[in-house]
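One structure is given below, encoded as structure tokens.
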Amino acid sequence: ARIGALLTIFAIVIFFWMSFHQNGFALTLFAQRSTVILDWLKPETYQTFNPLFILLLTPLVVAFWNWLRKRDKEPSTPAKIGLGMFISGLALVIMVVASWVGGNADANNMSPAWLISTYFVITFGELCLSPMGLSFVSKVAPARMRGIMMGGWFGATAIGNYLSGFFGGFYNTLPHHLFFGFLVLLLFLSAFILRVFLKRLKMATAGT
């Protein structure tokens, strides 16, 4: 049951990394082609926002989980992962709207606020999903298979990274709102699947 739970999580996080790592591809192209370029804010400079928001938001997220834990309301790790997928989907909804209202034209006419707000929201999603990954695997995996399951987490990350680049190749051929919309659909679908199987996943990982 624990191995099944881990394999389910591995399959789900593939779609997170596939979407999240568009920050180095599609989001950067959006910054280069669709966003107003400022002297102090070049397309490549947007890469600083994710690590900056990680530093700013991590204490708040940790404090929030601790606040819930003291009240015996902290969600399980699978629930946090599902929440991270959903929040990441909301972040890319911002890009769907930005593309729809003008970003599709690739005319450097969009405010930087669209991308900055996307990075802000998707960082919340990342903090709900990524930090506990290896810790969760080490707790849930049977002792004799812990190394293999650790490799499974990294394997899922690698597949997600590969698919990020593969799907990113369609940025030039699809309208941008459809490109980001497809990722939104994957993330929301993944969050829904986790929600459906949440009770089973919680039972499989109980006591860890």
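Phe20 and Phe16 have parallel rings, their planes meeting at less than 30° on a 0 to 90° scale where 60° marks the start of perpendicular. Taking the six-membered ring for Trp and thresholds of 30 and 60 degrees, Phe64 and Trp67 have nearly parallel ring planes, at less than 30 degrees apart. In this structure, Phe30 and His176 have perpendicular ring planes: the angle between them is above 60°, well past the 30° mark.
For Asn109 (side chain) and Thr35 (main-chain N/O), no donor-acceptor pair under 3.5 Å exists by modelled atom type. The backbone N or O of Asn23 sits less than 3.5 Å from a side-chain atom of Tyr119, completing a donor-acceptor pair. One N or O on the side chain of Arg146 and one on the backbone of Ser138 form a donor-acceptor pair closer than 3.5 Å. Ser34 places no side-chain N or O within donor-acceptor distance of the main-chain N or O of Ala31, the cut-off being under 3.5 Å. Of the possible donor and acceptor atoms, none in the side chain of Asn108 sits under 3.5 Å from a partner among the backbone N and O of Val36.
No hydrogens or angles considered: nothing links the side chains of Glu44 and Thr28 as a donor-acceptor pair under 3.5 Å. Side chain to side chain, Glu126 and Asn50 meet the donor-acceptor criterion of an N or O pair below 3.5 Å. Residues Asn161 and His21 have side chains that bring a donor and an acceptor to within less than 3.5 angstrom of each other.
To the nearest 0.5 Å, atoms OG1 (Thr118) and CH2 (Trp114) are separated by 8.5 Å. Of the inter-residue distances, the one linking Asn66 atom CG with Arg71 atom CZ reads 10.5 Å to the nearest 0.5 angstrom. Rounded to the nearest 0.5 Å, atoms CZ (Phe49) and OG (Ser117) are 10.5 Å apart. Rounding to the nearest 0.5 Å places OG of Ser19 at 10.5 Å from CZ of Phe180.
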For a side-chain contact (heavy atoms from CB on, under 4.5 Å) check, start with the C-alpha distance between Phe179 and Gln22, then their side-chain angles and the critical distance, and finish with the verdict.
CA-CA 11 Å; Phe179 178 90; Gln22 294 301 327; 3.6 Å; yes
Please step through side-chain contact (heavy atoms from CB on, under 4.5 Å) for the pair Leu198 and Ser76, ending with a clear verdict.
CA-CA 9 Å; Leu198 184 58; Ser76 64; 3.9 Å; yes
When you look at Val13 and Thr157, which way does the side-chain contact (heavy atoms from CB on, under 4.5 Å) test go after all the steps?
CA-CA 7 Å; Val13 299; Thr157 303; 5.6 Å; no
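Linking Ile, Leu, Val, Met, Phe, Trp and Tyr residues whenever their side-chain heavy atoms come within less than 4.5 Å places Leu52 and Leu41 in a single cluster. Using a 4.5 Å cut-off between side-chain heavy atoms of Ile, Leu, Val, Met, Phe, Trp and Tyr, with links allowed through other members, Val196 and Ile193 fall into the same hydrophobic cluster.
Leu92 has its side chain within reach of Leu187: a pair of non-hydrogen atoms, C-beta onward, lies under 4.5 Å apart. Residues Leu189 and Met85 form no side-chain contact, since every pair of their non-hydrogen atoms from C-beta on lies 4.5 Å or further apart.
The environment of Arg33 atom CZ is dense: over 12 non-hydrogen atoms of other residues, nucleotides or ligands sit within 6.0 angstrom. Phe197 CZ: 12 or fewer foreign heavy atoms inside a 6.0 Å radius.
Residues Leu83 and Cys128 come closest through the heavy atom pair CD2-SG, 4.1 Å. The shortest heavy-atom contact between Val184 and Gly89 is CG2-O, 3.6 Å.
Each of Ile37, Leu38, Thr45 was evaluated against Pro112; a single residue qualifies, Leu38, per the side chain to side chain contact (heavy atoms under 4.5 Å, CB included) test.
Outside the 6.0 Å centre-distance limit, the rings of Phe192 and Phe188 are not counted as a close aromatic pair.
Geometric assessment of Lys70 against the ring of Trp65 yields a negative cation-pi assignment under the 6.0 Å and 45° thresholds.
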